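To find a chain, count down the sequence lines: A is the first, B the second, and so on, and within it residues start at 1. Since the model is a prediction, treat every value here as computed from it, not as a measurement.
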Amino acid sequence: MSTVEIRNLHKSFGKLEVLKGIDFTVESGQVVCVIGPSGSGKSTLLRCVNLLEQPTSGQVVVDGVELTDPDVDLDAARRRLGMVFQQFNLFPHLTVLRNVTIAQERVLRRSRAEAARIARENLERVGLIEKVDAYPGQLSGGQQQRVAIARALAMNPSLMLFDEPTSALDPELVGDVLSVMRQLAEDGMTMLVVTHEMGFAREVADRVVFMDGGVIVEDGPPEQVIADPQHERTREFLSRVLHPGV
Amino acid sequence: MSPVSEQQAAASTPAEPRKGLSPRKKQRISRGVQYVLLVVILVVLAALADWGAIRQSFFNLDVASKGLPTLFTVALKNTVIYTVTGYIGGFVVGLLLALMRQSSVAPYRWLSTIYIEIFRGLPALVIFLMIGSLPLAFPGFHVPGEVYGQAALGLGLVSAAYMAETFRAGLQAVPKGQMEAARSLGMPHMRAMVSIIIPQAIRIVIPPLTNELVLLFKDSSLVLFLGVTAAQVELAKFGNDQSSTFANPTPILVSGLTYLLITIPLGYVARRLEARQGAGR
């Protein structure tokens, strides 16, 4: 059963059409990386999947629930989708532990003790159990992003969305975040990742989707899309990304 | 010739001897003139003043001591009560107005805007003069708590408009990503506002809200116009009454100093909070 199904998705901001008819699916347990030049609409696509952006037309179906249906309980549906942002978006006024427990308690109605237990499990998973009492401002960008991943995981999502999770990080901090994501993929999490990390896409992704100009240009296994692209635009983009300055 | 090329021309011929005083010398002379002027003004004022009369009228300890301890036990206490109740009212209504201003229901936005424009545009004194007339509009209506209620209402109405603007700025200063993160965790809009956005906004506006408390503390003197009894008197009226009783302005000065006792430390706290927040970001 496919986890995510996107059908003929369009999104315009005013007169600017950012997504011009997107169709694709993510199967349960798959890791799909979306690559493409900036302005290609890949982040908008990701934000349309959990309806942070309201699509102009088309359908988004997650676990058989159509999120684009106006009658759907969007808050309930979003609980199944974990989202990790480029800018982390941790809650700066709350401790790391509270960041991970607050939605569990307020949304899933877990008890304080249970939420804390689940939070600790997930902070352990991202290697930050010793930071439970720190505030986000006291953490490095890489650590903040790992807390953000733990925060999303604590809600037991069936799908994780990553919006350029390493783009705001100093280069030496990227590795820690990617290795957490790699572990997550090995554990069988379904993931949709917008990224510029070609190495990660090549190693971890089951499928790579190349977007340009609001359409999907190429969609296939990484060994095809990255190593042997079929389209001129993909080749052009990859040569710029993989061999900058040449 | 443009000023730039003029400068370049001047710079390129440093050998030419400068005419007149160097800029540094000019600066020193100008500073010296300012000191002399200041001393002259002080000397003239000191010579013109009647020091005996000043001590008799403004620093009359006999008269000042007659105000004690009522100055603190009644006047200052009432000033604090009026200020705090008004502040609490203004805080709640102000936050409400700020949220209304962001509402997706247009009439709420209009109401909030109209309220803020009116109450920021009116002198606080006019509002206090009108509060006494409220029963004319609503026959049989009395503001509960008599003067205390009326004072809280008046000060609350005025400060709400200012606090609403402050809260609005605070809410807007919370990054958009915070709401997105909260919503992506499945929080409904209201829940996200209450748990995530408003707590951050309030932290941001603590320094300006402390300043608002200082302003309100001073504005509480307007309660004078509500017509208060001896037990309801606040600092300004207390000073004024005492000064007419003893035909001596010292009590007014004492009241003024009592205001400063509160406002200067509060203002200092506000600036410290502001500095700390600036450093923390």
Side-chain angles (χ1 to χ4, degrees), chain A residues 43 46-54 67 73-94 98-110 115 135-138 144-145 147-157 159-163 168, chain B residues 91-92 94-95 98-99 102-106 109 163 166-210 269-270 272-281:
Chain A
S43 281
L46 197 75
R47 293 163 59 83
C48 279
V49 172
N50 68 354
L51 263 74
L52 279 182
E53 299 290 356
Q54 178 72 43
L67 301 194
D73 179 355
L74 202 52
D75 294 318
R78 280 197 181 116
R79 287 170 212 165
R80 274 183 273 205
L81 306 169
M83 176 94 172
V84 176
F85 299 86
Q86 184 176 351
Q87 298 295 339
F88 332 133
N89 293 346
L90 291 183
F91 306 133
H93 61 302
L94 303 176
R98 198 75 193 118
N99 260 279
V100 186
T101 56
I102 190 163
Q104 295 186 61
E105 289 174 30
R106 300 276 189 267
V107 177
L108 299 181
R109 302 270 158 224
R110 286 178 185 154
Y135 282 87
Q138 299 167 317
Q144 289 192 46
Q145 193 60 297
V147 172
I149 294 173
R151 178 176 70 177
L153 289 176
M155 304 297 284
N156 303 110
L159 167 74
M160 285 284 285
L161 306 169
F162 292 85
D163 186 8
Chain B
F91 189 98
V92 173
L95 186 55
L99 292 173
Q102 293 195 334
S103 169
S104 52
V105 182
R109 288 201 302 274
M163 285 203 238
T166 306
F167 278 126
R168 187 168 71 109
L171 288 170
Q172 282 174 348
V174 177
K176 220 176 88 218
Q178 292 291 311
M179 177 56 91
E180 292 184 348
R183 297 305 302 273
S184 77
L185 288 165
M187 288 191 198
H189 185 267
M190 266 317 266
R191 167 49 65 192
M193 285 305 282
V194 170
S195 293
I196 305 299
I197 308 299
I198 292 176
Q200 290 186 57
I202 286 181
R203 270 175 183 74
I204 292 169
V205 299
I206 282 175
L209 284 190
T210 312
V269 167
R272 281 293 296 272
L273 289 170
E274 216 162 316
R276 203 170 63 180
Q277 205 166 64
R281 269 167 188 270

Practice item. Side chain from CB out, backbone as N, CA, C, O: work out which of these in A/Arg151 comes under 4.5 Å of a heavy atom of chain B, or both, or neither. Key: both
Exercise for review: Select one option (side chain, backbone, both, neither) describing which atoms of A/Phe91 are under 4.5 Å from chain B's heavy atoms.
Suggested key: both
Exercise for review: Return yes if some donor-acceptor pair links the side-chain N/O of A/Arg110 with the main-chain N/O of A/Glu105 below 3.5 Å, else return no.
Suggested key: no
Review point. Is a side-chain N or O of A/Asp163 found less than 3.5 angstrom from the main chain of A/Phe85, in a donor-acceptor match?
Key: no
Exercise for review: Please collect all salt bridge (charged side-chain N to carboxylate O under 4.0 Å, His left out) contacts where either partner lies in residues 181-190 of chain B, sequence neighbours excluded, each pair once.
Suggested key: A/Asp75-B/Arg183
Practice item. For A/Gly82 and A/Pro157, work out which heavy atoms get closest and say how close. Key: N-CB, 3.4 Å
Pick from [options]: which one has the most heavy-atom pairs with chain B under 4.5 Å?
options: A/Ala103, A/Ala154, A/Gly137, A/Ala148; value: A/Ala103
options: A/Leu90, A/Leu81, A/Asn50; value: A/Leu90
options: A/Arg106, A/Arg47, A/Met155, A/Arg80; value: A/Arg106

Practice item. Pick one of side chain, backbone, both or neither for B/Ala192, based on which atoms fall under 4.5 Å of a heavy atom in chain A. Key: neither
Point to revise | salt bridge (charged side-chain N to carboxylate O under 4.0 Å, His left out) against B/Arg168, all qualifying residues, sequence neighbours excluded | key: B/Glu165
